[in-house]
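Every value quoted in this text rests on a predicted model; they were computed, and no experiment measured them.
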Amino acid sequence: MSGRRTNLGLLLALVVATVTGWAAFAIGSAAGGPVVIAHGVAGLAVVVLTPWKQRIARRGLRRRRISRWPGVGLSIVIVVTVVTGVLHAAGGRPPGGLTFMQVHVGAALAALPLVVWHVVAHPVQPRRTDLDRRSLLRAGTVTVGAAATWLTADGLYRLGNRPVRRFTGSHERGTDDPARMPVTQWLFDDVPVIDPSSWTLAVSQDHAVRRLTLDALRAHDQVDRRAVLDCTGGWYAEQTWTGVPLTALVDPRPGRRIVVTSATGYSRVFPLPAAADLLLAVAVAGAPLSTGHGAPARLVAPGRRGFWWVKWVSAITVDDVAPWRQPPFPLQ
């Protein structure tokens, strides 16, 4: 395979891996399964193309230019990204506080500006011949090879009686045993210190605000809901959550969205019809929530990834703002 076509193939594989990776983070329902598979196949396509890319890299290193070092850095972070992705898929757990999934995502983010630099510094112009029969057959061979590698690895994982892995790629941690669930939060959020006796929940709707104490919230009719918390850190746990449906706290008819805000300032926006599926939990597995897992109250959002499950909820607001006016992933 020529150097130009190798670079085009790698660029396409990296673009697909990036897009499907972010999509897999966003989708918490079973519809995300094919997206995760496509992400794995795209990552393995990078591995399949590595022997051809090595020849190109050797020629570049012989030129001894300063500009070669960003390329070296890009190679390193892509290797780290692929290796940690494979180790996470295999159920590995590194020593220390980070997971292989967190390192995988961090390395992928570090690779993005280097990929942009590489594309600008070494532009590759597509040609009509890139779509001829021979080129398409080669691209198909690479794709089939990557898919076959993925299927083989997945089959070996299942045959090896490895820990249960969800369709998102997350591994089970703490099902029906909340004490085993990792304590995680999005980016720079910290576990706050909250006094349950003075905590209140502010519920705002129709320009009126009412405040509920923890005792008042517990006085509402409580329901149990079985739901899976699937964290983007690479783990999941299925629990029985006990709490108050949001439809018992807000009127789901007027307004366009619900804003659920944490005591830390973290918030997520839901379209108003989603209130029927949301639960404000005060207990899990028959016991009160721990501070690390969102006490005094946390949101349970079935079918959504963990960053939607707002912890330490302090306010619920219904307003008329369009629900799509928020970034797909929290920025704090």
Side-chain heavy atoms of Ile258 within contact of Ile316, under 4.5 Å
yes

Close side-chain approach of Lys311 to Leu289, heavy-atom, < 4.5 Å:
no

Salt bridge Arg305-Asp230, side-chain N to carboxylate O under 4.0 Å:
yes

Count the heavy atoms belonging to other residues, nucleotides or ligands that lie under 6.0 Å from CG of Asp221, then report whether that count exceeds 12.
no

Quick one, Gln185 and Trp312 - any side-chain contact, counting heavy atoms below 4.5 Å?
yes

Regarding Thr213 and Asp215, do their side chains bring together a donor and an acceptor under 3.5 Å, going by distance alone?
no

Between Met181 and Arg173, the two heavy atoms sitting closest are CG-O, 3.6 Å

Decide if atom CZ of Arg180 counts as having more than 12 heavy atoms of other residues, nucleotides or ligands within a radius under 6.0 Å.
yes

Would you mind checking if Asp176 and Arg226 are paired as a salt bridge, meaning a charged N to carboxylate O distance below 4.0 Å?
yes

Determine whether the aromatic ring centres of Trp308 and Phe270 lie less than 6.0 Å apart.
yes

For Ala111 against Leu74, the heavy-atom pair lying closest together
O-CD1, 3.9 Å

Euclidean distance, Leu279 CG relative to Leu299 CG, rounded to 0.5 Å
8.0 Å

For residues Phe25 and Val105, report the shortest heavy-atom separation together with the two atoms involved.
CZ-CG2, 3.6 Å

Do the non-hydrogen side-chain atoms of Val321 and Arg256 ever get within less than 4.5 Å of each other?
no

